[in-house]
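Residues take their numbers from the sequence shown, with the count starting at 1.
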Amino acid sequence: MNEPQPDASAPVVLIHGAWMRGWELQPLAARLRQAGFKARRFSYRSLKHDLAENAKRFASHLHELAATSGPVSVVAHSLGAVVTHGALELLGSASQVRRIVALGPPFRGSRVAEVCLGRPLLAPFVGRTARDWVARGGITAWPHSPELGIISGTRPLGAGRLIRAHRGPNDGMVAVAETRVDGSSGHIAIATNHVGLTFSSSVARLVARFLRHGTFDRPASEKPIPR
């Protein structure tokens, strides 16, 4: 008998990271749709708007979506995971978010953003949302009820390598250590860089698995998703 998959019929909202507008999430969204999920994208302005404003907009979006469709799940890339955290703080017990998969999330802060903020020529490119997160100092534990799965990259290709921000394993923008928080339901690291987390078929497979089962471990009933 196949294992029930209650999450596959619920909406999945994909939220992008800094400097992006969401188009880079299209390959991942397409793979999730092929796997049976109702994937949609949410866009925000990481440079122009501060963290509070973006969190408020995302909280409103999730609340309105849940009001018409029931419980939702979120797939958040990079800074999008920070905005998701802020939205959950605002929603509190009213949240109908069931599961979250965070791809390369700078939960514990961002060394890349810190370095850039300390250099006048680079500081403007950090953006208001990331600057607010650096000032806050990140989080060390997951304080929300939705199950959280974290996927980190270990291929150091990105701006972090150019400015020599990291010494340990990283994806070129975010260190693996920056992604870890106590209280998550699962953490896995794969050989890809920061942007590659949104294009990888392996990542898509892991995302679908966690959304369905709340774990990155492969169940016997799992069917492959298209590459």
Min side-chain heavy-atom separation [X]-[Y] under 4.5 Å:
X	Y	result
I190	L206	yes
V12	V207	no
L28	L103	yes
V115	L122	no
Q96	V72	no
L62	V74	yes
I151	F210	no
S110	M173	no

Roughly how far, to the nearest 0.5 Å, is [atom2] of [Y] from [atom1] of [X]?
X	Y	atom1	atom2	result
L121	C116	CG	SG	11.0 Å
E53	T129	CD	OG1	8.5 Å
R212	R99	CZ	CZ	11.0 Å
E147	H213	CD	NE2	12.0 Å
L88	H144	CG	NE2	5.0 Å
L14	R40	CG	CZ	11.0 Å

Test your reading of the model: is there a side-chain donor-acceptor pair from [X] to the backbone of [Y], 3.5 Å cut-off?
X	Y	value
H187	V181	no
R41	Q26	no
R31	R205	no
R33	A39	yes
R209	F216	yes
N54	Y44	no
S95	G92	no
S152	N170	no
S60	R57	no
W142	S185	no

*Taking side chain to side chain contact (heavy atoms under 4.5 Å, CB included) as the test, write out the residues that go with E24, two or more places apart.*
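For E24 the side chain to side chain contact (heavy atoms under 4.5 Å, CB included) partners, ignoring immediate neighbours, are H16, M20, T198, F199.
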Would [X] end up clustered with [Y] when hydrophobic side chains under 4.5 Å apart are linked, directly or stepwise?
X	Y	value
F37	L197	yes
L79	V195	no
V83	V13	yes
L51	I15	yes
I139	I100	yes

Heavy-atom closest contact ([X] atom, [Y] atom, distance):
X	Y	result
V174	P105	CG1-O, 3.9 Å
G109	E178	O-CD, 3.4 Å
G196	N193	N-OD1, 2.8 Å
P11	P71	CD-O, 3.7 Å
R98	S73	CB-OG, 4.4 Å
A87	F58	CB-CD2, 3.9 Å

*Take L148 and F107, measure what side chain to side chain contact (heavy atoms under 4.5 Å, CB included) needs, and give me the verdict at the end.*
CA-CA 12 Å; L148 171 68; F107 281 135; 4.0 Å; yes
